[in-house]
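Pasting a structure below so you can have a look.
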Amino acid sequence: MQYSIVVIDDNISSLNEVLHRFEDFPEYYCTGTASEKEDALNLILEVSPELVFLTIRKKSKSGISLALVSELYRYLNNVPYRVLVSAPPDYAYEAIKTGVFDYLLLPFSSIELRKTLLKFQKEIPLSGAVVNVVKQNPHENQFAGQAAEIKPKENSGSDVDIQICIKSYGDYQFIALKDVVYLRADNNTTDFHLLNGKVLSAYKTLKHYENNLPPFFYRIHNSFVVNSNHVSRINTGKSLCYLNNNEVSIPFSKSFKENIDTIIKKIAPEFI
């Protein structure tokens, strides 16, 4: 597994230098670059990276500024982590107010980049083995301070038997992924909606779980990943996906239409 990044900089030479530095970090791969504000916005919305390197310069004609972050919050429930890169430190206070993960001054060294990436990896472990759980449903905080991990059941012959393990000191609670109907992004946390109506929330991004869940889970919207085993109806005219015997309906977006087609093909191949 690798972390996905997007690099935004209106100076091509500087942009290429950042990409060159990332060659020393094989656990990261660049999903795209942008040198204009609109291109940057469209790119982030399209590829949903885990980390964005955003370079801001004074008197920039490209329109790239911290306003880009505000725009992302208009469209996304789950905004990627951001590292702000700037020549003068003038933007530091404003950057902190927008919730950037880290701040680098140009020109930054390889060790400074390494420190930033190590902090990010500590925050978002690549293995995805352990995450904090803050609640079991929207009205309870019964399992606060616990840890959750996705692990295969011993002697399992199927991905469907993979379970979520919620640990609280010596107490272990196991939830089968087959009982997960869908996942919903909630800022930088993810809500697991279960068959029994309960909601379990964990401190990981939806992108993280999309990359680590078994292949019967599909991303159909920036905010939703569904368990295809619970899909009962798909209305392409209304762009709605129905789950759990039509008890739940959630929207799907055009950017994930290919995944919708795959689900239809999987459930009813004779109609494709």
Side-chain angles (χ1 to χ4, degrees), residues 1-8 18-19 21-32 40 43-45 47-56 66 68-70 72-73 76-86 89 91-105 108-135 141 143-151 164-168 183-192 200-213 219 222-223 225:
M1 299 296 296
Q2 292 176 294
Y3 294 105
S4 58
I5 65 167
V6 159
V7 180
I8 300 169
V18 172
L19 294 177
R21 290 189 182 278
F22 268 99
E23 291 178 1
D24 294 329
F25 303 94
E27 59 268 57
Y28 292 84
Y29 72 98
C30 181
T31 57
L43 178 62
I44 294 172
L45 295 179
V47 304
S48 299
E50 290 163 302
L51 187 62
V52 174
F53 269 70
L54 173 62
T55 300
I56 295 180
L66 280 171
L68 174 64
V69 178
S70 300
L72 289 174
Y73 277 106
L76 299 177
N77 289 323
N78 186 25
V79 175
Y81 283 78
R82 286 92 55 206
V83 173
L84 184 69
V85 182
S86 178
Y91 300 101
Y93 177 70
E94 189 178 353
I96 292 172
K97 287 173 63 179
T98 65
V100 298
F101 178 74
D102 208 351
Y103 191 103
L104 293 174
L105 289 177
F108 58 84
S109 64
S110 293
I111 185 62
E112 289 174 315
L113 176 60
R114 186 178 300 277
K115 288 178 180 178
T116 292
L117 297 181
L118 286 174
K119 284 193 294 183
F120 175 71
Q121 289 167 214
K122 185 177 180 181
E123 181 82 8
I124 308 293
L126 191 60
S127 63
V130 178
V131 298
N132 291 326
V133 175
V134 294
K135 56 186 178 180
N141 196 26
F143 297 105
Q146 303 177 19
E149 61 181 301
I150 297 177
K151 56 177 289 185
I164 299 172
C165 173
I166 303 174
K167 300 183 294 186
S168 178
L183 291 74
R184 179 171 186 168
D186 184 7
N187 292 318
N188 284 323
T189 66
T190 300
D191 292 337
F192 286 74
L200 183 150
S201 297
Y203 274 120
K204 285 291 180 183
T205 65
L206 189 65
K207 180 70 174 177
H208 168 82
Y209 288 111
E210 179 191 8
N211 290 336
N212 286 279
L213 286 169
R219 184 81 171 259
N222 278 330
S223 299
V225 167

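Numbering starts at 1 and runs along the sequence shown.
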- Message: Contact between L118 and K122 at the side-chain level, heavy atoms closer than 4.5 Å - yes or no?
- Response: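 L118 does not reach K122 side chain to side chain.
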- Item | Distance in Å, N222 CG paired with N78 CG, rounded so as to fall on 0.5 Å steps |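 It is 9.0 Å, given to the nearest 0.5 Å.
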- Query: Do the side chain of S223 and the main chain of R184 share a donor and acceptor less than 3.5 angstrom apart?
  - Reply: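 No; zero donor-acceptor contacts below 3.5 Å.
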- Contacts of type side-chain contact (heavy atoms from CB on, under 4.5 Å), residue S109, not counting sequence neighbours: I111, E112
- Where S86 and Y103 come nearest, the two heavy atoms and their spacing: CB-OH, 3.5 Å
- Query: Should T116 and F108 count as side-chain neighbours, where that means a heavy-atom distance under 4.5 Å?
  - Reply: no
- Item | Any residue meeting salt bridge (Lys or Arg N to Asp or Glu O under 4.0 Å) with K119, in chain and number order, not counting sequence neighbours | D102
- Item | From L54 atom CG to L104 atom CG, the distance as rounded to the nearest 0.5 Å |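 Rounded to the nearest 0.5 Å, the CG-CG separation comes to 11.5 Å.
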- Query: Please walk me through it: do L113 and D24 pass side chain to side chain contact (heavy atoms under 4.5 Å, CB included)?
  - Reply: CA-CA 10 Å; L113 176 60; D24 294 329; over 6 Å; no
- Message: If I take atom OG from residue S48 and atom CG from residue L206, how far apart are they, to the nearest 0.5 angstrom?
- Response: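 Between atom OG of S48 and atom CG of L206 there are 8.5 Å.
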- Item | Interatomic distance, I124 atom CD1 to K207 atom NZ [nearest 0.5 angstrom] |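 The distance works out to 13.5 Å.
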- Query: What's the spacing between I56 CD1 and I8 CD1 if we round to 0.5 Å?
  - Reply: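 Output value for this atom pair is 9.5 Å.
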- Is V85 close to V18 at the side-chain level, that is, under 4.5 Å between some pair of heavy atoms?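 No; the side chains remain at least 4.5 Å from each other.
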- Query: At what distance, to the nearest 0.5 angstrom, does CG of L76 lie from CD1 of I44?
  - Reply: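 Answer for the CG-CD1 pair, L76 versus I44, is 8.5 Å.
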- Item | Where P49 and P80 come nearest, the two heavy atoms and their spacing |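 Answer, listing the atom of P49 first, then P80: O-CB, 3.2 Å.
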- Item | L19 side chain near C30 side chain, heavy-atom distance below 4.5 Å |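 Of all side-chain heavy-atom pairs linking C30 with L19, at least one is under 4.5 Å.
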- For R114, all residues meeting salt bridge (Lys or Arg N to Asp or Glu O under 4.0 Å), sequence neighbours excluded: none
- Task: Report the residues that fulfil side-chain contact (heavy atoms from CB on, under 4.5 Å) with L51, sequence neighbours left out, ordered by chain and then residue number.
- Result: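 side-chain contact (heavy atoms from CB on, under 4.5 Å) check on L51 returns I5, Y28, F53, Y81, V83, L117, F120.
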- Task: Taking side-chain hydrogen bond (donor to acceptor under 3.5 Å, both in side chains) as the test, write out the residues that go with R219, two or more places apart.
- Result: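 Checked R219 against side-chain hydrogen bond (donor to acceptor under 3.5 Å, both in side chains); matches are E210.
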